Amino acid sequence: MTTTYRDALRQAMVEEIERDENVFLIGEDIGRYQGTFRVTQGLFERFKQHRVLDTPISEPGIVGIATGAAMMGLRPIVEMMTMSFSILALDQIINHAAKIHYMSGGQFKVPIVIRGPGGAANQLSAQHSHSMEGWYAHVPGLKVVAPSTVEDAYGMLKTAVRDDNPVIFTENPGLYSLKGEIPDDKEFTLPFGKCAIRHEGSDITLVGYSRMTHVCAEAAEALDQDGVSAEVIDVRSLLPLDAETIFASVRKTNRALVVYEDWKSGGFGAEIAARIQESCFDYLDAPVGRVGGLNVPMPYARNLELMCIPNKEDVLAAARQLLA
Amino acid sequence: MTTTYRDALRQAMVEEIERDENVFLIGEDIGRYQGTFRVTQGLFERFKQHRVLDTPISEPGIVGIATGAAMMGLRPIVEMMTMSFSILALDQIINHAAKIHYMSGGQFKVPIVIRGPGGAANQLSAQHSHSMEGWYAHVPGLKVVAPSTVEDAYGMLKTAVRDDNPVIFTENPGLYSLKGEIPDDKEFTLPFGKCAIRHEGSDITLVGYSRMTHVCAEAAEALDQDGVSAEVIDVRSLLPLDAETIFASVRKTNRALVVYEDWKSGGFGAEIAARIQESCFDYLDAPVGRVGGLNVPMPYARNLELMCIPNKEDVLAAARQLLA
Amino acid sequence: MVRMRAFEDQSVRAFRSGLAGGYLHVYTGMEATAIGWLSSRQPDDPIITAYRDHAHALYLGIDPVVCMAEIMGRAKGTSKGKGGSMHLYSADHHFYGGWGIVGGHTALGAGLGFAIKYKGGNQVAHCFLGDGAANAGVFFEVMNMASLWDLPVIFIIENNEFAMGTRLEFHAADPEMHKRAEGFNMHHERIDGMDVIDVRRDAQRIISNVRETSRPALIEVMNYRYAGHGAADNDQTLYRSQQEVELAWKRDPVHRLANLLTEQYGVNKQILEKIQREAEEEMEGVYDEAAASPKPEPDEVYSDVYTDMQPERGH
Amino acid sequence: MVRMRAFEDQSVRAFRSGLAGGYLHVYTGMEATAIGWLSSRQPDDPIITAYRDHAHALYLGIDPVVCMAEIMGRAKGTSKGKGGSMHLYSADHHFYGGWGIVGGHTALGAGLGFAIKYKGGNQVAHCFLGDGAANAGVFFEVMNMASLWDLPVIFIIENNEFAMGTRLEFHAADPEMHKRAEGFNMHHERIDGMDVIDVRRDAQRIISNVRETSRPALIEVMNYRYAGHGAADNDQTLYRSQQEVELAWKRDPVHRLANLLTEQYGVNKQILEKIQREAEEEMEGVYDEAAASPKPEPDEVYSDVYTDMQPERGH
Ligand SMILES: Cc1ncc(C[n+]2csc(CCOP(=O)(O)OP(=O)(O)O)c2C)c(N)n1
Ligand SMILES: Cc1ncc(C[n+]2csc(CCOP(=O)(O)OP(=O)(O)O)c2C)c(N)n1
Ligand SMILES: [Mg+2]
Ligand SMILES: [Mg+2]
């Protein structure tokens with residue numbers, strides 16, 4: 001079936017709500033208001049307040065309540081209006097939800113999904129444009145995924161809901177209207193910890209996730225025209241990370257460029273780059289390159305904002321330098 | 001003068017409080033109770049509540065109040081009882097304090113210092129043992145320092161207080177009783193963004209900061225005995241980062257190992273490693289190695305806890321592998 | 001009030017025409033609150049509010065062209081175009097912003113009060129927030145500290161009955177939000193916010209009390225927002241009826257003041273019409289001037305991150 | 001109570017002897033609160049508290065050896081030695097911990113109430129917190145939601161008059177902390193916590209009311225901690241006088257109950273002495289057994305991070 005990223009997310013939630021009575025949605029303006037990005041459109045009317053709960057603006061409290069409920073067996077899906085607001089709930093996420101299973105010696109499980117738009121949209125300014133996935137991927141006890149395709153959005157959200165651990169599920173706002181196919185199978189799920197190869201190639205490996213996968217794919221097509229064959233790897237799941245697939249590609253192409261929207265310095269791309277050179281040192285014909293967001297708070301003016309977010313040209317320039 | 005890391009911090013604060021009437025301390029149990037790690041011992045009696053303020057347990061509120069006060073020209077030093085509690089205040093730190101200068105087009109300054117013990121101490125368990133400096137060093141608008149010596153603690157804290165930007169100042173609890181010299185000069189300050197070479201060598205560069213600098217130094221001495229000459233670089237300031245000094249060392253030794261206590265995956269050591277291989281690729285005889293904390297919530301049991309924190313043996317093992 | 005409203009009309013126009021982006025929230029319907037309140041401040045009192053900040057900025061005297069330029073992301077804007085609609089600031093006018101994280105700025109507001117007290121000044125800090133913001137945990141933390149430490153700060157809840165698409169009764173266990181100060185031994189009351197004269201009278205009383213005692217207060221001002229939550233909120237029927245909005249228009253503070261002026265003070269209607277017309281013309285001019293002003297230079301992206309250095313450059 | 005107190009004596013002994021590390025907080029002086037309250041719960045009611053959790057764990061019936069083993073970081077501990085003194089848990093006993101971030105667990109407590117309501121159960125969630133914790137922002141957020149959504153949860157402030165070294169009056173703008181529920185349209189009251197019979201009577205009344213109405217409540221129980229904040233708190237004169245502590249000992253809940261039993265119920269003093277002796281002997285045995293039990297295997301460090309996978313291994 002052809003659908004959009006947004007609708008695929010919604011369908012996954014509908015199916016999981018219907019499958020398991022413990023699954024429910026909780027978040028700000030997700031019910032009556034239909035969600036600010038309309039991901040939850042129609043669900044309040046369909047499932048009523050019991051399963052689709054509007055909350056006050058209280059991110060720490062919302063995540064904490066969902067976590068406590070999860071300890072008693074419920075399976076909450078928390079929508080963050082934007083992932084930038086999850087910063088307020090970080091103590092609940094990383095110092096409570098992520099640690100309960102360990103601190104209780106395995107007695108309690110926390111099957112909670114925290115999802116929402118992450119990354120820059122369109123002039124939302126400095127406080128609303130964060131890419132949080134790199135921070136989360138640093139935290140043992142969490143799983144962190146960032147699907148780039150409609151099928152992945154669908155299959156990985158279903159996996160997330162069925163996972164017994166806290167899952168951070170980040171959706172780049174630029175992807176919501178993306179079109180794609182999903183299978184007609186309510187039991188369709190996609191495992192975490194598997195990269196996908198989006199474009200095969202032999203001269204350089206471009207590693208991206210979320211919307212940057214598409215930027216990498218565009219760059220790969222432009223490189224094709226230059227006669228350079230680029231392989232595009234979609235990381236999909238940052239934690240667990242399928243490093244082996246990346247390594248296998250780099251051992252073939254001998255060059256790697258990691259692309260991410262988050263601030264370049266200290267972003268998760270640094271981890272990927274560090275691991276590639278650790279494991280593929282003898283195969284590398286050039287240093288592992290990185291393209292990341294500019295190291296500045298996101299400016300409002302559109303011309304400045306566009307400078308901050310990596311685009312095809314930035315990737316091409318970096319790739320050409322590695323190939324030179 | 002010979003003193004301890006703890007006393008040097010205190011002396012720096014005393015001198016800055018006396019120098020500038022806008023400098024004050026604020027935090028939990030820093031006054032009457034003398035501070036949980038006794039860094040502020042005696043200061044409440046000496047400077048009274050006006051300059052040394054005990055607060056309720058309200059980290060977000062404390063940091064926010066200090067930030068607002070800083071916008072009006074005060075220079076607060078906020079003590080976090082442990083840096084783990086700064087997680088509650090992250091929204092105030094990274095989404096307010098760090099962005100004000102930029103968002104206001106340079107109209108407002110935020111001369112605030114947030115300091116306290118960061119990293120594992122002794123069986124404080126999962127919720128109290130965080131190394132936060134890597135996260136902070138990812139955030140443009142913050143400066144982040146992690147001094148390892150008594151002199152640095154003294155000189156860098158004075159610099160931090162005089163800086164017009166928000167500074168995260170992290171103190172490993174294992175360092176408080178460290179002894180060392182400080183100059184007899186109230187105007188002594190140490191600039192941020194300069195690495196220090198703690199041990200010269202020519203065969204491998206060990207890069208560390210905070211307490212791990214000492215672990216590297218121990219390892220370097222053990223390597224000396226093996227006839228291997230290791231250079232130990234103390235990063236001191238993560239943001240700004242003096243990458244050039246690190247690069248210069250690696251170009252000499254041709255091998256690098258980055259050591260940090262934080263969880264290995266996604267820690268700031270990944271950024272350092274990524275940068276080294278980007279800039280020194282042609283000089284490297286082995287991949288840039290990393291030694292980090294185990295990727296698990298900190299366990300309580302002492303035998304498990306000790307496994308998590310990198311020690312001399314871990315560094316030696318990794319160094320020998322790179323040298324092999 | 002008519003200038004504010006005319007300004008907001010132009011800011012919405014900027015959004016519609018694509019000259020402004022992101023989130024843009026207008027103050028239409030709530031004018032009596034900001035004007036009544038701010039007209040009672042002392043000129044050097046620090047003021048802080050959330051993202052619905054155009055009215056406060058204008059009233060404090062910031063040049064409307066500079067505000068509009070900011071909203072359009074231009075170099076001559078209050079923040080050189082880096083802040084946008086939600087993040088207006090002016091140190092010269094003691095305007096401390098302009099903030100996007102709901103509730104977050106209330107801590108800064110308490111900090112302004114803290115600095116006043118620390119320095120021994122006689123100002124009062126005025127911190128505006130929404131009804132939705134009064135659910136944020138940090139707000140309670142700072143109410144406690146403000147009271148504990150006798151900070152001269154007033155928290156003014158602009159209760160427009162909605163937090164985005166969530167009606168007061170669905171987000172507040174007790175819709176009388178001023179009662180939240182009860183547990184902190186802090187003065188609190190609810191006042192009407194649709195009549196600018198009433199607001200001014202109440203504000204004068206409350207502010208001078210806070211200034212004298214250095215005891216903080218929580219004031220809930222009841223008003224209503226006529227526009228959608230933000231300029232992109234295009235289906236208000238999701239959370240309120242057309243009827244309800246029409247009924248609320250009957251309480252329009254601009255009309256109310258106009259009626260008062262014509263009926264009680266015998267002001268000629270034509271004068272009011274002239275004021276209205278002039279305001280509209282002024283703000284059209286403001287729009288044009290801002291729209292014609294230059295965008296920030298590319299290298300501006302790296303400036304103002306720090307006071308004394310630049311961040312690591314490049315992708 | 002005497003078992004609890006004897007257990008705490010042994011846990012302090014473990015700390016002093018180096019068998020326990022980190023932060024260790026004993027409940028001595030506050031026993032009437034946990035016992036009076038928990039004796040009134042329904043057996044399947046979920047319970048949650050902060051780091052001062054030994055007493056709650058013991059009263060709920062968790063084997064003292066297993067608790068002590070946890071405190072000593074041993075494999076047979078409640079959390080296999082990975083949690084420690086602050087993080088005792090027992091799913092079997094509906095004991096949801098044992099938490100170290102002050103105030104953070106109150107959100108989880110509200111979540112327990114949420115789950116009860118969602119599933120249509122008739123339990124009540126009991127969430128204990130300290131007076132210091134009642135200043136944490138998240139606590140207010142969840143009070144609001146608990147009331148808004150009619151969650152069957154009771155927040156019990158164990159007000160022992162201190163948050164570490166900070167006295168109540170230095171941290172709370174209004175020392176009657178129960179009033180903090182006032183703004184949330186929630187039942188609140190303050191009760192005495194030094195007499196176990198009184199606590200039990202009040203708890204029964206309050207709990208059955210919450211169970212019937214599914215309306216949350218905030219109860220402030222006044223007690224006193226005789227010990228230092230934690231086992232490492234070795235200079236209590238910094239924040240209270242010897243005199244004050246001695247005076248508080250006069251209200252000792254253990255003595256109070258003993259007096260009641262001997263004077264009103266004619267219980268023989270020797271019986272009480274025997275109970276005391278037996279408790280001490282039992283807990284010495286507990287200490288020895290826990291101390292003799294094995295430490296966790298090294299590979300345990302990687303287990304229980306996830307339910308279904310291991311993290312990336314190695315340094
Ligand atoms: C912490 C946080 N959560 C959510 C949002 C998204 N958001 C922006 S405005 C708003 C509604 C706020 O309502 P209120 O405080 O009443 O102010 P009003 O818009 O009515 O002026 C929400 C939920 C945000 N900006 N920050
Ligand atoms: C968020 C946070 N801030 C600070 C601390 C350090 N701390 C541990 S216990 C404590 C005092 C808490 O007092 P209270 O809530 O009254 O509980 P009591 O110890 O009296 O039982 C503090 C400040 C912490 N654990 N978490
Ligand atoms: Mg509102
Ligand atoms: Mg207490």
Side-chain angles (χ1 to χ4, degrees), chain A residues 21-22 24 26 49-51 53-76 88-89 91-92 95-112 139-143 163-166 192-193 239-241 243 271 275, chain D residues 46 48 70 75 77-84 86-92 94 96-101 104-116 118-119 121 125 127 136-146 148-149 151 153 296 300 303-309 311-312:
Chain A
E21 65 185 7
N22 291 318
F24 68 98
I26 180 168
Q49 171 145 351
H50 185 56
R51 311 293 290 278
L53 187 56
D54 279 328
T55 68
I57 306 170
S58 303
E59 287 80 4
I62 296 164
V63 172
I65 286 178
T67 302
M71 289 178 79
M72 278 186 73
L74 301 189
R75 309 186 81 84
L88 286 102
D91 177 66
Q92 289 294 330
N95 224 1
H96 290 83
K99 300 204 164 76
I100 293 173
H101 194 65
Y102 197 77
M103 290 203 308
S104 70
Q107 291 186 71
F108 291 102
K109 296 174 181 167
V110 185
I112 176 179
V139 181
L142 297 180
K143 297 186 181 181
D163 200 294
D164 277 338
N165 302 280
F192 293 169
L239 181 58
L241 177 70
E271 176 65 30
R275 290 205 203 179
Chain D
I48 188 166
E70 187 60 38
T78 46
S79 302
K80 307 180 190 166
K82 297 187 204 173
M86 301 192 288
H87 305 299
L88 305 178
Y89 296 85
S90 175
D92 290 346
H94 306 281
Y96 286 79
W99 297 90
I101 298 300
H105 73 288
T106 61
L108 308 180
L112 303 176
F114 184 93
I116 292 168
Y118 186 95
K119 294 179 176 179
C127 176
V138 68
F139 175 51
F140 297 90
E141 297 187 348
V142 302
M143 277 200 284
N144 182 41
M145 287 185 270
L148 192 62
W149 300 333
L151 305 185
V153 54
E300 266 298 316
S303 69
D304 302 323
V305 179
Y306 297 95
T307 61
D308 56 355
M309 61 178 233
E312 205 81 24

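Just so it is clear, the model here is predicted, and its values are computed rather than measured. Each chain gets a letter, A, B and so on, in the order its sequence line appears, and its residues count up from 1.
Under the 3.5 Å distance criterion, the side-chain polar atoms of Thr307(D) are left unmatched by any main-chain donor or acceptor of Asp164(A). Not a single donor-acceptor pair under 3.5 Å links the side chain of Glu312(D) to the backbone N or O of Pro240(A). Remark: the backbone N or O of Ser79(D) is not paired with any side-chain donor or acceptor of Gln107(A) at under 3.5 angstrom.
Between Gly61(A) and Ala107(D) the shortest heavy-atom distance is O-CB, 4.3 Å. Of all non-hydrogen atoms in Pro56(A) and Asn144(D), the two that sit nearest each other are CG-ND2, 3.6 Å. Met145(D) approaches Ser58(A) most closely through the heavy-atom pair CE-CB, 3.7 Å. The minimum heavy-atom distance between Gly141(A) and Val305(D), with the atom names listed, is N-CG1, 3.6 Å.
Contacts between His94(D) and chain A at a heavy-atom distance below 4.5 Å are absent for every atom of the residue. Gln92(A) touches chain D through its side chain: at least one heavy atom from C-beta onward sits under 4.5 Å away, while N, CA, C and O do not. For chain A, no part of Met86(D) is nearby; none of its heavy atoms comes within less than 4.5 Å. When heavy atoms are compared at a cutoff of 4.5 Å, Lys99(A) does not approach chain D at all. Proximity to chain A is absent for every atom of Ile48(D), based on heavy atoms less than 4.5 angstrom apart. Contacts between Pro296(D) and chain A at a heavy-atom distance below 4.5 Å are absent for every atom of the residue. Neither the backbone nor the side chain of Thr106(D) has a heavy atom closer than 4.5 Å to any heavy atom of chain A.
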**Report entry** From CA spacing to verdict: side chain to side chain contact (heavy atoms under 4.5 Å, CB included), Phe192(A), Met309(D)
**Finding:** CA-CA 11 Å; Phe192(A) 293 169; Met309(D) 61 178 233; over 6 Å; no
Report task. Any chance you could lay out the side chain to side chain contact (heavy atoms under 4.5 Å, CB included) test for Met72(A) and Phe114(D), step after step, and finish with the verdict? Result -> CA-CA 10 Å; Met72(A) 278 186 73; Phe114(D) 184 93; over 6 Å; no
Requested in this report: Please report the C-alpha distance between Tyr118(D) and Arg51(A) in whole Å, then the side-chain angles of each, then the deciding distance to 0.1 Å, and finally whether the side chain to side chain contact (heavy atoms under 4.5 Å, CB included) criterion is met.
Outcome: CA-CA 9 Å; Tyr118(D) 186 95; Arg51(A) 311 293 290 278; 2.9 Å; yes
Requested in this report: Check the pair Asp308(D) / Lys109(A) against salt bridge (Lys or Arg N to Asp or Glu O under 4.0 Å), numbers first and verdict last.
Outcome: CA-CA 11 Å; Asp308(D) 56 355; Lys109(A) 296 174 181 167; over 6 Å; no
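Atom CD1 of Ile116(D) sits about 10.5 Å away from atom CG of Leu74(A), to the nearest 0.5 Å. Atom OH of Tyr96(D) is separated from atom CZ of Phe108(A) by 5.0 Å, given to the nearest 0.5 angstrom. Interatomic distance, His96(A) NE2 to His105(D) NE2, rounded to the nearest 0.5 Å: 8.5 Å.
Between chain A and the residues Ala125(D), Gly83(D), Gly104(D), Gly113(D), the largest count of heavy-atom pairs under 4.5 Å involves Gly104(D). Here Ser90(D) is the residue among Ser90(D), Gly98(D), Ala110(D) with the most heavy-atom pairs under 4.5 Å with chain A. Ranked by heavy-atom pairs under 4.5 Å with chain D, the list Gln49(A), Glu21(A), Arg275(A) is led by Arg275(A). Looking only at heavy-atom pairs under 4.5 Å with chain D, the residue among Leu239(A), Asn22(A), Leu88(A), Leu53(A) that has the most is Leu53(A). Among the candidates Leu112(D), Thr78(D), Val138(D), the residue making the largest number of heavy-atom pairs closer than 4.5 Å to chain A is Leu112(D).
Between Pro60(A) and Glu141(D) there is a side-chain heavy-atom pair separated by less than 4.5 Å. Contact annotation: the side chain of Ile100(A) approaches that of Trp99(D) to within less than 4.5 Å [non-hydrogen atoms, C-beta and beyond].
Taking the ring centroids of His101(A) and Tyr306(D), they lie at or beyond the 6.0 Å cut-off.
By the side chain to side chain contact (heavy atoms under 4.5 Å, CB included) test, Lys80(D) is found to be paired with Glu300(D), Asp304(D), residues two or more places apart in sequence or in another chain being considered.
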